[in-house]
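Please read the structure below before turning to the comments.
All values derive from a computational prediction rather than experimental measurement.
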Amino acid sequence: MNVSGNEPGNGAGHEREFGSDGSYDSGGHHDSGGFGGSDFEERMRELLAQDAYAVRPSAAPYPAIRRRGLAERRRRAAAVGATLLTLAAVPVGAYAVAGGHGGRGADTAAVKPSVSASRSPAASPAASASTGPARPASDGQLLDGITFAQAAEGLKKCLAAENAPSLGVALGKAQDYRIILAAKSTGDSNAPGDGFHVVGVKEKPAGFRVICDIKDGKASGISVSARDAAGPDTGPVVPDPNGGDLYQQSIIDKGHWTLPFRWASIGYVDSAVAKVTVAYGDSAADPAVLDHGWFVAVGMLDEQVTLAPHIKGYDTTGKLLYDSDDDKAYDRTLP
């Protein structure tokens, strides 16, 4: 810093310089005694007072910092939200069964979470006595000695084991369903051990169903599907796109199925359909049961097969409305 001026006791017109090392040079020589201590301090105070604004740090940009903080908080919240959505999506896909349904895509129907129990009104003793599913349209849908009580208990166990509302899998309770089929299931190389299937359907959302597997009195698996899984532009009869477990055994055992084999075929029907027949291998094409918008066909297979069940639908006049052989979305050949 250069300071020019006349100071008492040092002569007029001398130029003084502060060196970079902090030393003070007056006209080229060092003389701490040649410049009065009090005068020096006073001059320095003057200079510092005049230039204080030049060295004072600027105010912190609080508005900009706050904006960046809010943006970062929103970004993190969005990332966490995306992660939670991914976690919630994974279980639904895991419960959808794509095997043995022909050429249709895998189940993409979302399962809506149910209202939590803490918000539900307390059930009265009278209501608690009727907390089970509704009965099928006919007793002929309860096969192989399985009673309605056994089927209802199996459905309850299955739903209790598979329900996971915290992960987005809210299947509801047994009283939300109607049982349309209970029949023996045959074990195979992929799932050893015999048991029985229970098929439960919901009215809300319409077309939603579960197939529960019960073995040794315990829930051993579940398949979830809905009519939406069949895709758009479907006909008056729609075979369940994910119902292959009911009429085939594991692909590992192809050509060596355990016989005789209890099979079943289910699907959706429009109100125009008055009759559905299903033929499978050496099983006769007996009329299927129509139950509140569903068809249910059953039979016993005594031979190895390579073709899926052949399904036909008719109106009240006997006119053919649907033939699975003409359905491009239905794979006639078993995997």
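Taken to the nearest 0.5 Å, the CG atom of L290 stands 11.0 Å off from the CD1 atom of I180. For the atom pair CG (D213) and CD1 (I211), the distance works out to 8.0 Å, reported to the nearest 0.5 Å. Atom-to-atom distance recorded for L143:CG and L181:CG is 6.0 Å, nearest 0.5 angstrom. From I214, atom CD1 reaches atom SG of C158 across 5.5 Å, with rounding to the nearest 0.5 Å. Distance OG/S265 to CD/Q248: 11.0 Å, rounded to 0.5 Å.
Looking at K215 and D194, no side-chain N of the basic residue comes within less than 4.0 Å of a carboxylate O on the acidic one, giving no salt bridge. Ion pairing of R227 with D270 is present here, as a side-chain N (NZ or NE/NH1/NH2) and a carboxylate O approach within less than 4.0 Å. Ion pairing between D291 and R178 holds under the 4.0 Å rule for side-chain N and carboxylate O.
Side-chain N/O atoms of S189 and D253 include a donor and acceptor closer than 3.5 Å. Neither side chain, S250 nor N190, offers a donor N or O lying under 3.5 Å from an acceptor on the other. At a cut-off of 3.5 Å, with distance as the only test, a side-chain donor of H310 or D323 sits close to an acceptor on the other residue.
In terms of heavy atoms, V237 sits closest to Y322 at O-CE1, 3.4 Å. The two residues C212 and L155 come nearest to each other via the heavy atoms SG-CD1, 3.9 Å. The shortest non-hydrogen separation linking R135 to L142 is NH2-CD1, 4.2 Å. Between V278 and P309 the shortest heavy-atom distance is CG1-CB, 3.6 Å. Taking every heavy atom of both residues into account, W294 and V269 meet most closely at N-CG2, 3.9 Å. Minimum heavy-atom separation, M300 to P260: CE-CB, 3.7 Å.
Under a cut-off of 6.0 angstrom, the local environment of CG in L307 is crowded, with over 12 non-hydrogen atoms contributed by other residues, nucleotides or ligands. The local environment of CD in E203 is sparse, with at most 12 non-hydrogen atoms from other residues, nucleotides or ligands closer than 6.0 Å. Counting heavy-atom neighbours within 6.0 Å of D325 CG, excluding the residue itself, gives a total above 12.
Under the 4.5 Å side-chain criterion, counting only non-hydrogen atoms from C-beta, I266 is in contact with L246. P335 has its side chain out of reach of K254: every pair of non-hydrogen atoms, C-beta onward, lies at least 4.5 Å apart. Using a 4.5 Å heavy-atom threshold, the side chains of N242 and R209 count as touching. Considering only heavy atoms from C-beta on, Y314 comes within 4.5 Å of T277 through its side chain. For the pair I179 and F148, the minimum side-chain heavy-atom distance is below 4.5 Å. Contact of the W257 side chain with the T186 side chain is not registered, since no non-hydrogen atoms from C-beta on lie closer than 4.5 Å. When side chains are defined from C-beta on, T306 does not count as touching T333, because their heavy atoms never get closer than 4.5 Å.
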- request: Begin with the C-alpha distance, continue with both residues' side-chain angles, and end with the deciding distance and a verdict on side-chain contact (heavy atoms from CB on, under 4.5 Å) for K275 and T316.
  value: CA-CA 8 Å; K275 178 181 177 181; T316 54; over 6 Å; no
task: Would you please test V199 and V210 for side-chain contact (heavy atoms from CB on, under 4.5 Å) and show each step?
output: CA-CA 6 Å; V199 181; V210 297; over 6 Å; no
message: Using side-chain contact (heavy atoms from CB on, under 4.5 Å), reason through F208 and L171 one step at a time and then give a plain yes or no.
response: CA-CA 10 Å; F208 179 82; L171 301 176; 4.1 Å; yes
